[in-house]
Amino acid sequence: MKYEPVIGLEVHAQLTTDSKIFCGCSTRFAAEPNTQTCPVCAGMPGALPVMNKKALEYTIKTGLAMNCRISPFSRFARKNYFYPDLPKGYQISQYELPICIDGHIEIVVDEDVKRIGITRIHMEEDAGKNIHEGASGYSLVDLNRACVPLMEIVSEPDIRTPADAALYMKKLRTILRYLGVCDGNMEQGSLRCDANISIRPIGETAFGTRTELKNINSFRFVERAIDYEIARQTRVLEEGGHVVQETRLWDSAAGRTYSMRSKEEAHDYRYFPDPDLVPMVVDDAWVEEIRSSLVELPDVRRERFVNLYKLPEDDADMLTSDRMLADWFEDVVKAGAEPKAASNWVMGELMRLLNEENLSLEDCPLKPGQLAAMLKLMNDDVISGKIAKTVFEEMYRTGKSPDVIVKEKGLVQISDSSELEKIIKKLLDDSPKEVERYLAGETKLIGFFVGRVMKDTKGKANPKIVNDLLRKMLRSSF
Ligand code: ADP
Ligand code: MG
Ligand code: ZN
């Protein structure tokens, strides 16, 4: 029997607000434990939550970017459960009236556009963190993260392969980072994903029983965890068993999932409207104001890069996968560079150097104007393509302008024929055997001669002139 996977993701994204969702405490990451708490987020009896308007604005912004409808009336609900990292005994979340509903985003799979539905986006508070390491016989609780604002973005079960799940996740992250509402840092937990998976015989329309995987904290693991789970469920069915609806934990070290608890049902949580918070009434004018503040989104920008700059799809894809990268590229073009050349250098040398040191573009010492200036030097034949690599790396290391580097290091391309002629003459005199072989028809030796001239001039010779001169001088030495 052949099975088809059905996948739906629940993604938690931490909002980039400075303060928490229901109190004024800071959301800064990695502070000393319990230094960013107050009676509200520590769950003291009688302390009252107050809604952070920025968090609402960011969630509406996200909903609009993901083609959702914004509910004019929505409210918070209490999700009741007991755990030591949840001092109130309930999490403030949204239940029957979430702020955003019925949206979608698109992913591109081998030129095919696939639409993934977004069921809902709701707001909620994060819980604290239990710390078990380092202490013996007891656990510690850090409440810095309690009450940090989250959005939960719930997809429709529209995803069919582990690779598509990872693409969806990446696209989500790109959009969130474009909007500036979430930093998308999966290692620090600002973007987390629970994956729901079921399988069904191909041709079957009803869904199978799903399991929910927790603890997935990288794109690679999204794929691997789902892969593993599909194989596991397939084995269960093939052995004549049935999949149990449960929550499973992904263990990245072991590369497998294992059962954590039987899946809780909504009624287990005793949801009810939170009486401490008034419902949120959002008027159209505000929604429209937020809509008009939206930046150009990645899909639109990608199209524009293809049409306006005539970039290949792959270049446009890569460059627009990150807003800062796309901005950087456009700044090079605005400074006068030819788009495809700019794209090659950004995706090639710039990415290589940044990756080598694991730096982000934010920390990049090189400015777009410098790359544009360097490309102009290449265009004007002042430096060769080979020397340009040296100049580029030097600009990157020192932040100096390309003209200064070229001057300081004496890197100006040698295009002076008489000077090159001298160098070539000496080379030919020193290599009688190779000259003989070349003249006997071994013409590919031209590469050897060019290479030697480049070496003798430390890469500064103008390769085109060298080629022309070499052919001419070899012919005349016949
Ligand atoms: P809960 O909050 O209890 O996990 P939801 O109904 O909100 O439940 O669904 C959560 C996610 O599970 C959604 O992303 C949805 O698309 C997905 N999902 C629902 N049913 C299935 C199924 N049979 N197979 C795979 N995914 C599913
Ligand atoms: Mg769930
Ligand atoms: Zn607080």
Side-chain angles (χ1 to χ4, degrees), residues 3-12 17-28 31 34-44 47-52 55 77 79 81 87-88 91-96 98 101-105 116-122 124-128 142-149 152-162 164-165 168-169 172 192-201 204-214 216 222 225-226 229-230 233 242-248 260-269 271:
Y3 295 98
E4 171 188 57
V6 172
I7 303 159
L9 300 186
E10 293 163 273
V11 173
H12 286 91
T17 56
D18 294 330
S19 55
K20 295 185 177 182
I21 186 167
F22 300 123
C23 64
C25 294
S26 166
T27 54
R28 195 167 61 83
N34 298 307
T35 53
Q36 295 174 173
T37 56
C38 72
V40 174
C41 53
M44 296 296 172
L48 288 172
V50 178
M51 172 69 197
N52 179 338
K79 179 178 180 179
Y81 67 95
K88 294 194 295 293
Q91 177 194 28
I92 304 179
S93 180
Q94 293 195 287
Y95 183 56
E96 85 293 12
I101 45 178
D102 260 351
H104 64 264
I105 66 169
I116 311 294
I118 306 279
T119 317
R120 55 189 273 151
I121 303 176
H122 69 247
E124 61 186 28
E125 58 178 348
D126 207 345
D142 176 10
L143 293 178
N144 282 350
R145 218 178 62 189
C147 230
V148 158
E152 179 171 333
I153 305 167
V154 182
S155 88
E156 287 290 300
D158 286 347
I159 303 166
R160 292 291 173 268
T161 71
D164 287 5
Y168 166 80
M169 195 62 197
L172 220 57
R192 313 195 282 262
C193 163
D194 299 341
N196 295 269
I197 298 133
S198 62
I199 59 173
R200 61 181 174 191
E204 171 67 60
T205 49
F207 290 149
T209 306
R210 70 175 151 130
T211 57
E212 178 171 345
L213 307 185
K214 297 264 184 200
I216 303 175
V222 170
I226 296 174
E229 189 56 19
I230 291 168
Q233 292 187 12
H242 58 272
V243 174
V244 181
Q245 175 154 339
E246 62 184 352
T247 303
R248 298 177 68 89
M260 190 163 109
R261 56 173 187 252
S262 72
K263 170 79 184 154
E264 61 292 326
E265 304 281 343
H267 62 245
D268 294 328
Y269 288 121
Y271 280 103

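Counting starts at 1 for both ligands and their atoms, following the listed order. In this text the structure is predicted, and so the values were computed from the model without any measurement.
For Asp268, the side chain to side chain contact (heavy atoms under 4.5 Å, CB included) partners at least two apart in sequence or on another chain are Glu264, Glu265. Not counting sequence neighbours, the partners of Phe22 by the ring pair (Phe, Tyr, Trp, His ring centres under 6.0 Å) test are Phe76.
Within the 4.5 Å cutoff, the side chain of Asp194 has no heavy atoms near those of the Ile216 side chain. At a threshold of 4.5 Å between non-hydrogen side-chain atoms, the residues Val11 and Met169 count as touching.
A distance-only check finds no donor-acceptor pair linking the side chain of Asn52 to the backbone of Cys23 [under 3.5 Å].
When the heavy-atom distances from atom 16 (O) of ligand 1 to Ser155, Ala206, Pro5, Gly117 are ranked, the shortest goes to Ser155.
With Tyr269 as the aromatic partner, Lys79 meets the cation-pi criteria of under 6.0 angstrom to the ring centre and within 45 degrees of the ring axis.
With rounding to the nearest 0.5 Å, the separation of SG in Cys38 from NZ in Lys20 is 7.0 Å.
The number of protein N/O/S atoms found under 2.8 Å from the Zn ion (ligand 3) is 4.
Heavy-atom contacts from other residues, nucleotides or ligands closer than 6.0 Å to NE2 of His267 number more than 12.
The atoms of ligand 1 that sit less than 4.0 Å from any heavy atom of Val6 are 24 (N), 25 (C). For ligand 1 and Leu9, the ligand atoms under 4.0 Å from any heavy atom of the residue are 14 (O). Ligand 1 places these atoms under 4.0 Å from at least one heavy atom of Glu212: 4 (O). Atoms of ligand 1 found under 4.0 Å from any heavy atom of Glu156, numbered from 1 in the order shown, are 16 (O).
Not a single N or O atom of Val154, backbone or side chain, sits closer than 3.5 Å to an N or O atom of ligand 1. Checked by distance only, ligand 1 and Gly208 come closer than 3.5 Å through their nitrogen or oxygen atoms.
Residue pairs meeting the side chain to side chain donor-acceptor pair (under 3.5 Å) criterion with at least one partner in residues 34-44, sequence neighbours excluded, do not occur; the list is empty.
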